[in-house]
Protein chains: 2
Amino acid sequence: MKKILFAFGNGKADGNGAMKDELGGKGAGLAEMSKAGIPVPPGFTIVTSVCMDYYRNGKKTPKGLDAEQKKFLSGLEKMAGKKLGDSKDPLLVSVRSGAKVSMPGMMDTILNLGLNDQSVTGLAEKTRNERFAWDCYRRFIMMFSDVVFDVPKNEFEQLLHKRKEERGVKNDVDLSATDLKDLAGQFKTHFIGRAKRAFPQDVWEQLCLARDAVFRSWQNPRAIAYRKMNRIPDDMGTAVTVQAMVFGNSGDRSGTGVGFTRDPSTGENRFYGEFLINAQGEDVVAGVRTPEPISALKDKLPKAYEQLHTITKRLEKHYRDIQDFEFTVQDDVLYMLQTRSGKRTGHAAVRIAVEMVKEKLISREEALLRVDPLQLNQLLHPIFDPVKRKEHRLLAKGLNASPGAASGKAVFDAERAVAAAAKGERVLLVRAETCPDDIEGMAAAKGVLTATGGMTSHAAVVGRQMGKPSVVGCSAIRVDEHGAKFSVGGVTVAEGEFVSIDGSTGEVLLGDVPTRDSDILQVLGGHMKPAESPTFQYFETFMKWADGIRTLKVRANADIPRDAKAAMFLGAEGIGLCRTEHMFFAPERLPVVVRMIMATTEEERKVALRELLPFQREDFKGLFETMKGKPVTIRTLDPPLHEFLPKREDLMVAVAVGKDKELNEKLLGRVNELHEFNPMMGLRGCRLGIVFPEITAMQAEAIFEAALDVGGDIMPEIMIPLVGHVNELKNQKEIVVRVAEEVFKRRGRRCKYLVGTMIEVPRAALVADQIAEEAEFFSFGTNDLTQMTFGFSRDDAGKFLLPYVDKKILPVDPFVTIDPQGVGALVKGAVAKGRSVRPNLKVGICGEHGGDAESVIFCHGAGLDYVSCSPYRLPIARLAGAQAVLKERANGKPKKGKRK
Amino acid sequence: MKKILFAFGNGKADGNGAMKDELGGKGAGLAEMSKAGIPVPPGFTIVTSVCMDYYRNGKKTPKGLDAEQKKFLSGLEKMAGKKLGDSKDPLLVSVRSGAKVSMPGMMDTILNLGLNDQSVTGLAEKTRNERFAWDCYRRFIMMFSDVVFDVPKNEFEQLLHKRKEERGVKNDVDLSATDLKDLAGQFKTHFIGRAKRAFPQDVWEQLCLARDAVFRSWQNPRAIAYRKMNRIPDDMGTAVTVQAMVFGNSGDRSGTGVGFTRDPSTGENRFYGEFLINAQGEDVVAGVRTPEPISALKDKLPKAYEQLHTITKRLEKHYRDIQDFEFTVQDDVLYMLQTRSGKRTGHAAVRIAVEMVKEKLISREEALLRVDPLQLNQLLHPIFDPVKRKEHRLLAKGLNASPGAASGKAVFDAERAVAAAAKGERVLLVRAETCPDDIEGMAAAKGVLTATGGMTSHAAVVGRQMGKPSVVGCSAIRVDEHGAKFSVGGVTVAEGEFVSIDGSTGEVLLGDVPTRDSDILQVLGGHMKPAESPTFQYFETFMKWADGIRTLKVRANADIPRDAKAAMFLGAEGIGLCRTEHMFFAPERLPVVVRMIMATTEEERKVALRELLPFQREDFKGLFETMKGKPVTIRTLDPPLHEFLPKREDLMVAVAVGKDKELNEKLLGRVNELHEFNPMMGLRGCRLGIVFPEITAMQAEAIFEAALDVGGDIMPEIMIPLVGHVNELKNQKEIVVRVAEEVFKRRGRRCKYLVGTMIEVPRAALVADQIAEEAEFFSFGTNDLTQMTFGFSRDDAGKFLLPYVDKKILPVDPFVTIDPQGVGALVKGAVAKGRSVRPNLKVGICGEHGGDAESVIFCHGAGLDYVSCSPYRLPIARLAGAQAVLKERANGKPKKGKRK
């Protein structure tokens with residue numbers, strides 16, 4: 001039979017620290033500590049698979065478990081020298097949950113189990129501390145009732161509170177033994193009323209009920225939600241550890257506490273934690289009494305403090321990572337109850353990783369694997385002052401689309417936002433939803449708040465690209481754009497009133513919560529010197545290590561020099577996507593663009609295009625200059641033309657009510673002509689350039705003129721979007737080549753250039769070999785590829801994607817992390833087909849996935865040359881790229897040189 | 001060196017009838033006839049590849065051609081016993097075009113070449129017919145100038161006309177030799193004025209110029225358009241045949257004519273044709289004189305008639321197909337100038353195929369390959385009376401979306417169309433575009449006309465499914481739905497005025513052009529007995545032969561018993577797609593559907609669904625009963641819910657102008673919630689059933705209750721739409737299975753059923769192996785699959801698909817014929833993956849492609865079990881299925897048994 005229980009204690013253990021899968025983090029830690037001679041109360045652990053057996057068995061104890069458990073309980077009783085339920089000297093135990101992955105506070109624990117009406121007196125006599133014994137009993141009744149029988153804890157607390165009022169005392173510790181004995185009685189009576197049975201006096205029954213309750217707590221809503229948020233599988237189950245109690249509440253030479261071997265917030269290498277004298281674990285967590293900082297322990301229990309310090313440093317060395325530990329001191333004797341790798345902020349993660357390398361505790365490679373790439377975001381985004389924030393009312397919570405904190409006056413219109421920002425005001429753009437012509441307003445605002453749209457809505461995508469804090473899909477707020485106000489839960493916020501958003505949490509706060517730029521951005525902006533910021537230096541060191549390992553190149557999606565500058569600063573090796581249409585929305589250009597669209601003849605259109613040409617040329621010059629010879633991929637016009645015109649329904653209403661009738665009727669006429677039922681699959685991408693070849697020609701002309709103006713080694717990469725058939729690419733390439741030759745001839749100089757294509761239509765991936773005959777590079781547009789492979793409209797998918805992820809129909813939003821089986825299969829197939837025709841084909845990705853760590857790892861595995869992402873996601877991509885190499889090595893793949 | 005010229009004449013020939021690739025149809029026919037001893041004027045043919053060489057050579061004579069041509073000209077002069085340009089007895093030649101595939105009238109021909117100011121007198125003296133000689137010369141100048149120098153023919157005709165006026169005569173034949181001589185002079189003068197050179201007198205120059213002009217006519221706009229329409233490749237080129245002239249215009253014992261060995265319109269086996277005495281070929285074509293029926297030739301030139309009849313019958317036997325021939329009689333001597341397989345109508349094609357089998361001229365298999373499946377449509381659709389039609393004004397031309405002729409009063413609203421039809425009026429539904437709630441109106445109307453939308457727009461698809469004549473995308477007409485009128489070219493048609501449309505040609509005619517049902521539909525409707533209609537009998541015989549060969553099964557897309565009945569009549573072996581949503585639009589149901597959608601709670605929604613249940617059950621019962629145990633595939637609800645509500649922009653306008661404010665505001669609120677930017681990729685298909693499981697449950701309940709009510713062997717096939725991930729199917733299958741068990745338990749009886757899925761999202765095809773774990777059958781929804789694989793919105797693609805096909809970016813509209821490389825690759829891959837998991841997986845197709853012959857042949861090759869198409873497309877599918885087998889056999893694949 002498979003071994004399902006593992007004992008530990010007395011310097012020995014059946015298991016060890018590597019057995020997290022079986023014993024959970026806590027059980028493995030206890031076994032490891034016990035083996036290492038660290039003082040740990042003895043106990044045993046029931047393995048995680050039993051939890052899943054429990055569920056498979058219809059929430060009943062799996063066969064054979066009770067018998068085994070009896071044996072291990074005897075063993076435990078021998079080690080402890082006491083018997084569970086003994087009426088003279090009872091063994092008390094804790095029954096604790098503990099999964100492979102730490103889920104702090106999500107599952108249940110029961111302390112002081114083994115007490116009943118008899119053993120409580122035995123305990124009192126044995127410890128000569130009646131008050132302590134009854135305190136344990138009333139705690140046990142409360143916790144057991146809550147966890148096993150769902151009798152809410154606060155109902156017991158009310159009785160406790162009442163008694164304290166009657167006694168006129170403030171703290172639990174001021175209650176007498178008699179008070180506590182009375183309370184235990186009251187608690188039992190209350191239990192009978194709610195549970196319709198007597199409080200269990202059989203200690204074996206207590207143990208079995210507690211164990212099963214811990215199994216059940218694996219599936220409580222809190223735990224389920226936590227797993228979903230952290231992408232932890234549902235089928236791991238929790239282990240159950242039964243451990244002899246030690247008592248922090250047995251007097252003033254006792255106490256209990258938690259701590260970290262380093263500061264989990266900043267990463268500073270200092271002993272960090274807090275404790276309570278004469279208390280049990282839950283008192284620290286409950287916050288009823290304010291704990292003291294760990295340094296105070298030195299004075300109060302100096303021997304225990306020294307021992308704790310020595311042991312935890314030893315544990316850190318042993319585990320080679322920051323430790324998060326729990327301890328209890330009973331009558332001056334220290335017991336370790338738990339140790340595990342400590343959770344830490346992004347700032348701390350980087351600092352600890354760098355410092356541990358310097359301390360020679362870990363290797364650089366290990367350091368790189370210690371930081372979750374997503375955490376690097378925290379180093380870039382402005383942060384709220386944590387104290388001041390508490391003074392502000394939380395209005396609602398939306399999706400945390402683009403991290404960072406931002407405050408500003410609510411403005412409900414992009415133009416007004418631009419105007420206000422120009423006057424030096426801080427504004428927050430609030431919209432029902434954003435659209436491309438809000439882009440200048442978004443750029444001008446400190447942050448963006450929308451009522452609709454998902455994690456990949458326009459506001460979210462642009463917000464992340466701009467590094468602009470954004471909360472989207474905040475459905476609780478009702479935005480009245482015309483009335484210039486929004487309301488939520490009885491509060492109405494009018495234009496000009498201050499609102500704050502935290503794009504890292506999705507929170508919307510009333511008023512002006514002070515924020516500040518992160519160090520890294522202050523350095524980028526020139527407001528701080530690198531040497532002034534330790535954070536910046538840790539970050540730089542860390543990222544350089546990543547770059548040293550990484551073989552996948554990283555580029556940025558950037559349309560304008562400002563973005564390109566940020567990209568260079570954050571490590572971009574080129575621009576992977578310059579969206580030329582973003583340049584069309586600037587106020588001095590939009591009227592020309594509208595004229596171009598309203599043109600009824602090719603000639604009229606060409607006149608407008610000639611006016612746009614110098615703008616585009618200057619844009620491209622700026623980019624080329626900023627990128628200093630690094631590759632720049634420029635995509636020809638992509639979006640449907642109606643995006644540049646007013647909305648159809650607005651025009652219909654305007655015409656119906658007779659507003660600016662002539663103008664609006666004319667506009668409506670054109671908008672109607674351009675109207676599409678599914679614009680995402682309509683006249684856009686290269687289809688525009690094929691129907692209106694003069695647009696492609698103008699853009700190509702601007703690119704080549706800019707390249708020659710800047711000179712040097714500029715080699716533009718011109719990218720044709722939305723190609724599904726090689727003939728589309730051929731058609732557009734012919735225009736580009738023809739225009740190139742015209743410009744070269746006119747200028748008497750040439751430059752090198754590449755013409756390639758987006759692979760973003762499923763068909764393009766399927767016939768990538770044919771397309772590679774013409775394309776000099778591929779760039780996977782995985783946003784569109786995901787849309788069309790799933791048939792999920794990005795802008796509309798919120799309605800079913802949330803239920804889908806909830807119902808586990810999809811493991812994860814495929815717009816966030818690439819779908820390896822569908823979209824990923826197309827990507828891999830296209831790379832193979834493309835390179836079968838053109839072995840040195842350059843292949844990259846420029847969808848949102850380029851800034852998602854898991855997707856970057858996928859891209860590395862798929863053999864891509866580079867990923868391109870928003871500038872502010874570059875650190876994620878750089879680290880994920882390094883991790884991909886390290887994971888590949890761990891899986892036995894040989895080292896290989898950097899790709900060219 | 002490759003042989004590029006081929007001589008024929010005097011019972012011999014270098015080439016033969018099989019060499020159409022090289023000699024073109026005409027050249028091969030002449031060679032074959034010459035070899036067979038049929039009287040053919042001698043000549044030689046320049047092969048088609050020389051035409052393409054001419055283009056490759058920058059429209060210059062390829063090297064070596066002139067030298068070879070000189071040799072063959074000498075050979076011809078020997079056979080004819082005359083020399084080109086001889087001043088005493090000149091040889092005259094015709095220079096004719098002739099591609100591999102017949103392109104009647106599209107390219108150029110020059111007759112009477114070899115005449116100049118000298119030879120014309122020689123001809124006059126030799127023939128002792130001065131009038132004839134000058135007639136030939138003036139004809140030659142006119143034709144040569146037009147074809148070689150682009151001097152328009154009608155400019156010469158004006159001179160001719162003027163001379164006739166001056167002479168006070170009506171017909172050309174009434175002009176004297178002097179008149180014609182004068183005219184020749186005038187023509188030459190006119191030529192000098194326009195061409196800025198003298199009329200070529202060098203006969204060798206004449207010949208070379210004429211030859212090159214024929215090469216050039218391969219690329220004239222007429223020919224290009226014809227090839228596009230008939231999908232003829234552009235790189236075949238035309239052959240040039242130089243042939244000694246014979247003269248139908250040499251007197252009253254001479255004449256010229258064209259004919260068919262059978263009636264090309266009805267297929268009747270009778271000698272058919274027309275001729276003119278004393279005329280040249282172009283006179284017949286030009287329609288200046290009215291030709292006489294061929295039977296009259298028997299009286300006028302009995303010897304020639306007999307000889308012609310014998311020869312053409314011999315040719316028909318020789319070629320084993322109806323022959324389209326040209327002949328000339330010169331002084332009682334018959335010459336054959338051309339023979340080729342005759343073009344014929346659908347009616348004729350079927351009758352000729354059947355009768356030729358009965359005459360043992362061809363085998364059944366050959367007969368099946370002789371009919372273009374698309375032609376079978378002509379047998380089903382109502383037809384305009386061909387004479388009466390000419391009395392009506394042609395208003396405009398749109399896309400010929402659904403064939404057949406229809407006339408009716410224009411009605412601009414579906415409800416009014418239903419009302420008028422209920423009163424027994426014939427109506428034609430005219431809309432800017434149709435949407436699903438127009439469906440009852442479409443059913444009630446005789447035909448549908450829309451201003452927008454392509455060949456696969458809603459109107460087109462539904463029109464074809466209903467077998468309803470439809471002209472769509474008729475952009476010339478301006479539809480004013482509110483004003484209930486449309487206007488085009490100065491004509492305004494108000495509601496109630498008669499309009500006629502021909503869905504086979506796309507023509508829109510003013511007024512009420514009489515039509516009649518085809519025989520087949522009269523039999524289907526019970527208005528004619530099978531025995532009364534020979535057409536029906538030929539059709540039945542032919543289709544039965546097809547069914548005997550075919551291995552691919554055919555099913556129909558049918559939603560209601562009426563369609564199912566038509567499907568059974570037209571050979572359906574089951575229903576491949578019942579769209580349940582079509583049932584929701586009936587007037588008594590729509591309000592309930594709207595209530596279901598407006599429900600704000602699951603409970604409210606369930607109440608509405610319970611009301612819909614009996615309707616759906618009755619619908620399904622009707623289908624099961626009609627199909628008599630044949631398989632019926634029912635798809636659960638598919639379209640986005642907003643399709644059942646009023647349009648968003650209409651509601652916005654109504655609210656803005658304050659119309660029915662409260663109701664419209666409420667509706668608008670819900671419509672706004674349901675609004676999607678790209679509904680095709682939004683909340684529809686199984687996503688609806690997952691978000692609102694109660695809808696799937698209701699539909700499943702209705703299906704199982706109906707199946708048990710009807711009893712017998714009914715085995716419903718329940719099809720889940722828009723699945724992209726196996727978990728979606730699992731989710732919906734669980735509901736279906738649960739409901740099935742509930743119904744079976746309640747009724748105390750069970751029935752067999754299958755649960756399968758549409759494969760219409762690219763991802764589904766990519767992970768078809770995973771999906772096949774759950775799916776008991778696949779049905780390819782190639783409409784959506786094409787949309788998403790290309791990223792082409794069906795409803796919007798018109799804007800670029802037409803330019804795409806024009807610019808040859810795509811060879812053909814992929815919504816009409818399946819794209820084998822992209823969509824087809826997904827289909828083939830999915831079949832292989834699906835069957836790898838479930839070897840006996842039933843696989844079909846239910847997109848529009850199921851009724852397209854080329855696509856059906858693809859499906860056969862891809863190993864599908866069945867195709868499902870609109871009932872009226874079943875004959876196409878049946879024949880194409882048979883042709884697929886025959887083509888496979890021709891390619892050497894072994895015969896195989898029918899698939900189960």
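Chain letters run A, B, ... following the sequence lines, proteins first and then strands; every chain starts at 1.
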Task: B:Arg687 vs A:Tyr804 side-chain heavy atoms within contact, under 4.5 Å - done: yes
Open item on the list: I'd like to know which of A:Ile809, A:Leu810, A:Leu766 tops the heavy-atom pair count under 4.5 Å against chain B.
Closed with: A:Ile809
Task: Pairs of heavy atoms under 4.5 Å with chain B: top-ranked of A:Val691, A:Leu722, A:Val761, A:Asp650 - done: A:Val761
- [ ] Decide yes or no for A:Cys686 and A:Thr636: does some side-chain heavy atom of the first lie under 4.5 Å from some side-chain heavy atom of the second?
- [x] no
Open item on the list: Quick test of your reading of the model: are B:Glu673 and B:Arg670 salt-bridged, counting only N-O distances below 4.0 Å?
Closed with: yes
Task: Region of B:Asp819 in contact with chain A, defined by heavy-atom distances below 4.5 Å - done: side chain
Task: Residue A:Glu760 versus chain B: region with a heavy atom under 4.5 Å - done: neither
- [ ] For each of B:Pro803, B:Ala825, B:Ala797, B:Pro679, tally heavy-atom pairs with chain A at distances under 4.5 Å, and name the one with the top tally.
- [x] B:Pro679
TODO: Measure the shortest side-chain to side-chain distance between B:Met652 and B:Leu668 over non-hydrogen atoms and say whether it is less than 4.5 angstrom.
DONE: yes
TODO: Please state whether the side chain, the backbone, both or neither of A:Val767 comes within less than 4.5 Å of a heavy atom of chain B.
DONE: side chain
Task: A:Arg648, part contacting chain B, at a heavy-atom distance under 4.5 Å - done: side chain
- [ ] Give the member of A:Asp796, A:Asn727, A:Leu683, A:Val726 that has the highest number of heavy-atom pairs under 4.5 Å with chain B.
- [x] A:Asp796
Open item on the list: Closer than 3.5 angstrom, by distance alone: can the side chain of B:Lys733 be matched with the main-chain N or O of B:Ile720 as a donor-acceptor pair?
Closed with: no
Task: Winner by heavy-atom pair count (cut-off under 4.5 Å) against chain B, out of A:Val657, A:Val653, A:Val823, A:Leu688 - done: A:Val653
Task: Which atoms of A:Lys808 approach chain B - backbone, side chain, both or neither, heavy atom under 4.5 Å - done: backbone
TODO: For each of B:Gly822, B:Gly682, B:Gly791, B:Gly724, tally heavy-atom pairs with chain A at distances under 4.5 Å, and name the one with the top tally.
DONE: B:Gly791
Open item on the list: Please rank B:His675, B:Gln821, B:Arg684 by heavy-atom pairs under 4.5 Å with chain A and give me the top one.
Closed with: B:Gln821
Task: Main-chain N/O of B:Lys659 paired to B:Asn664 side chain as donor or acceptor, under 3.5 Å - done: yes
- [ ] Indicate whether the side chain of B:Asn731 and that of B:Glu728 have a donor and an acceptor atom separated by less than 3.5 Å.
- [x] no
Open item on the list: Show, in sequence, the C-alpha distance, side-chain angles and deciding distance for B:Thr450 and B:Glu433, and conclude whether the side chain to side chain donor-acceptor pair (under 3.5 Å) test is met.
Closed with: CA-CA 5 Å; B:Thr450 72; B:Glu433 66 211 357; over 6 Å; no
